[in-house]
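Everything below concerns the one structure shown next.
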Amino acid sequence: MTKNLVIVESPAKAKTIEKFLGKDFVVKSCFGHVRDLVKKDLGVDIENGFIPQYVITPDKKKVITDLKKIAKDAEMIWLASDEDREGEAIAWHLVEALGLKEKDTKRIVFHEITKPAILEAIENPRKIDKNLVDAQQARRVLDRLVGFELSPLLWKKIKPSLSAGRVQSVAVRLIVEREEEIKGFNVTSAYRVLAEFIITKDIKQILLSAELNKRFSEKKDAIAFLEKCKNAAFSIEDIETKPSKKSPAPPFTTSTLQQEASRKLGFSVANTMRVAQQLYESGKITYMRTDSVNLSKLALNVAKNVVTDSFGAEYVKTRQYTTRTKGAQEAHEAIRPTYLDNRTIEGDHSQTRLYDLIWKRTIASQMNDALLEKTNVTINISNTAEKFIARGEVIKFDGFLKVYMESRDDEDDENQEGLLPPLTVGEKMIPKEISAQEKFSQHPPRYTEASLVKKLEELGIGRPSTYAPTISTIQKREYVVKEDRDGFIRSYGMITLKDKTISEEIKTENTGFEKSKLFPTDIGNLVNNFLVQYFDNILDYNFTASVEEEFDEIAQGKMVWNQMIRDFYFPFHEQIEKTLEQSQKVSGEKLLGQDPVSGENIFVRIGRYGPMVQKGDADPENKPKYSSLKKGQSIDTITLPEALDLFKLPRTVGLFEDEEVVASAGRFGPYVRHKSAFFSLAKTDDPLEISLDRAIELIHEKRKKESEKLIREFPEKEDLKILNGRYGPYLSYQKQNYKIPKANDPSKLTLEDCLKIINETEPSKSSRAKKKK
DNA sequence: CAGTGAGCGAGCTTCCGCTTGACTT
């Protein structure tokens, strides 16, 4: 008999809390939201005050059944979902879905999973805050209305299966607009002058590096300056020393963890979250989806002890950070090691590295400032007004730097400031070498997954639980691609003054290469331009912020949620209707030129299946030829010769085993076909150039793999085979697949054994078969 | 899984945010 049932969102949390509460309490988890709007249509009754039509989410049916069973016998149900808008709604949905009575239900909240915090929560129960629930309903309904009215518009005007939404469309917009900025960026160059001086002290020679306080945009000015330097005298005019300090970064939130794991460990956002989830489930770190930088009192104490023991008391500085992030709801702690005194953990390479990062960041956040001394040395040039400046930085006390330093996106190692030699004002020096190097201005950087998350967080768009899924959605819809791009060779001027002679040379550098950056695709550009043109209000970077203000008013009881939705919806729906009527279908069509052979027009545009080229005008007399663009090509940049090449496929490569080998490119990339079988090309193969020898090699490779796939077949039953698949051995019989029970050795199964397995087990359903239902 | 792009029409796609396993050939 269960006296008390506590329901939390996460099963890992449930396990921990159960330990704190004793035998009168059973703690279960509901695995997040348990109900949602119906999926198949709008799910909102617009005529009747926007009543949401909720159903129990299919994968939560079992969870609800189980909870119902326990709740029936319990004296009291404690709803302990997170203390934020979504958590409050989860509690309310649980009441509805489980049919709980008010007298048997209490709502409790806590921000940290520690015994005192849980006990205190139990001592201070409250009721469900219906205003906060309504704010969540408004959020949910607004997102549904926007997504399910905009997306179908795109299906009609651009291409089926596209999607748009409050969050993803802004994410795409950021990437599209950044690319436009880059395209429109005006690269300028200027000469940066560096000098290396020799100071003679007694018999010792000291070197000092300095940079001129001015850059020359014209080469002739740089040369003129160096000419002056030939006969100039150099001396120290001023030495300015001032103390400065650096403070540690706050503990990790989801967003900052994703950024640092990307910069320091090269993890993708999805990878970071996968590994963090593993660490959380094994009890090594606190919850990984959080927007809070807060640490529990317990953690602060342990951190203090760890710092004292490891580095000494002078390194301790206990700090409580406050969140400045827009829209943060702070239902959890910051991401930190559960036990800060565990310096390292058992685990695989990714886990130990991510844990190490989290440990360092957390510990550093509780350490003292680093004290620095910055020195600026001004060097006078006798015959001109410009000055050379030498900069130095000395760490007087390393503080938190002993453990951890946050990385930046735009790190360049050019300006390394180190220790300066001892100098005095008036000291004379002679230049060993002075050089003016042409430096180019940098366009704004393309987004990485992590820097996009950072930007979204700044705009208050999206939540810790959605950053990674959003990034995956916009890639899945093919609005953006994450890829590496080659750079190019650029030449720059270098003028050097050495031994009283000036020499000029042209040098080259490799620049502009990109690694794992987000680029917009043709479809991304087209969809974004369409949405920005007709729905600038929704695509506005401040749209989320302004609706969030209204959600807050609903939460405070100052606004009625469906009133707010009504005020939004009707003008928005009007906008949809108007766009439906007035806008043209968009395909981004562009006339590229003419086919030199036939004189026919060559067009590029977005077709039913993506970017394509068309040869010939479409009219009743003439059916044009079509072909899809290759991966990496864009309707924006494709040239006429490249387009013409696309019509050369399919192409006969030669004869093999008396049958034609044909090379082409299909839905799943380039392939060769032989005897109606398909063989995918490798990345390095080009269907336009592939040789017969190489094609035959591919055919042999695949045949070999096929033969390895077959473990056993039976002459008496031709449609029964034991095969080796991606997930281990399985049975294939009459186009159905069957799992082989683990106890069996697949290579020793007899025909009888197989038939028995087939009769006793259900065929494994393919995901496609499920979808069709 | 492997060539589609007209036009018709059926039936489908789609949002954001909260949680983890189930399951794939």
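Just so it is clear: chains get the letters A, B, ... in the order the sequence lines come, proteins before strands, and each one is counted from 1.
- Side-chain contact between A:Asp686 and A:Lys630 is present, with heavy atoms from C-beta onward closer than 4.5 Å.
- Atom NZ in A:Lys585 sits about 12 Å away from atom C1' in B:dG7, given to the nearest Å.
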For a side chain to side chain donor-acceptor pair (under 3.5 Å) check, start with the C-alpha distance between A:Glu330 and A:His111, then their side-chain angles and the critical distance, and finish with the verdict. CA-CA 8 Å; A:Glu330 304 206 69; A:His111 296 120; over 6 Å; no
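- Straight-line distance from the NZ atom of A:Lys615 to the P atom of B:dG5: 17 Å, rounded to whole Å.
- Note on A:Leu150: nothing from the nucleic acid sits closer than 4.0 angstrom, heavy atoms only.
- Within 4.0 Å of A:Gly43, counting heavy atoms only, lies no atom of the nucleic acid at all.
- A:Ser29 comes within contact range of no nucleotide atom at all, as no heavy-atom separation falls under 4.0 Å.
- If you take atom P in B:dT24 and the same atom in B:dC1, they sit 15 Å apart, rounded to whole Å.
- Put simply, CZ on A:Phe678 is 11 Å from P on B:dC1, counting in whole angstrom units.
- When heavy atoms are screened at a 4.0 angstrom cut-off, A:Ser680 is found touching base atoms of the nucleic acid.
- Remark on DNA chain B: of its neighbouring residues A:Ile606 and A:Lys40, the 5'-side contact belongs to A:Ile606, judged by nearest-heavy-atom nucleotide.
- With sequence neighbours left out, the salt bridge (Lys or Arg N to Asp or Glu O under 4.0 Å) criterion links A:Lys675 to A:Glu657.
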Contact letters for nucleotides 15-21 of chain B, in which S counts primed atoms plus P, OP1 and OP2 and B counts the base, heavy atoms under 4.0 Å: BBBBBSS
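- Between the CG atom of A:Leu629 and the P atom of B:dG5 there is a distance of 17 Å, rounded to whole Å.
- As rounded to the nearest Å, B:dC23 and B:dA2 have P atoms that lie 27 Å from one another.
- We find that CG of A:Leu649 is positioned 13 Å from C1' of B:dA2, with the value rounded to whole Å.
- Residues A:Glu9 and A:Tyr287 form no side-chain contact, since every pair of their non-hydrogen atoms from C-beta on lies 4.5 Å or further apart.
- We find that CD1 of A:Ile635 is positioned 14 Å from C1' of B:dG5, with the value rounded to whole Å.
- Distance A:Ile538 CD1 to B:dT14 C1': 15 Å, rounded to the nearest Å.
- Under the 4.5 Å side-chain criterion, counting only non-hydrogen atoms from C-beta, A:Pro464 is not in contact with A:Thr253.
- Rounded to whole Å, atom C1' of B:dT14 lies 12 Å from atom NZ of A:Lys476.
- Checking each of A:Arg139, A:Arg463, A:Gln329 against A:Glu86 for a side-chain hydrogen bond (donor to acceptor under 3.5 Å, both in side chains) leaves exactly one that passes, namely A:Arg139.
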Quick one: do A:Tyr541 and A:Glu458 satisfy side chain to side chain donor-acceptor pair (under 3.5 Å)? Show the steps, please. CA-CA 10 Å; A:Tyr541 292 123; A:Glu458 281 167 13; over 6 Å; no
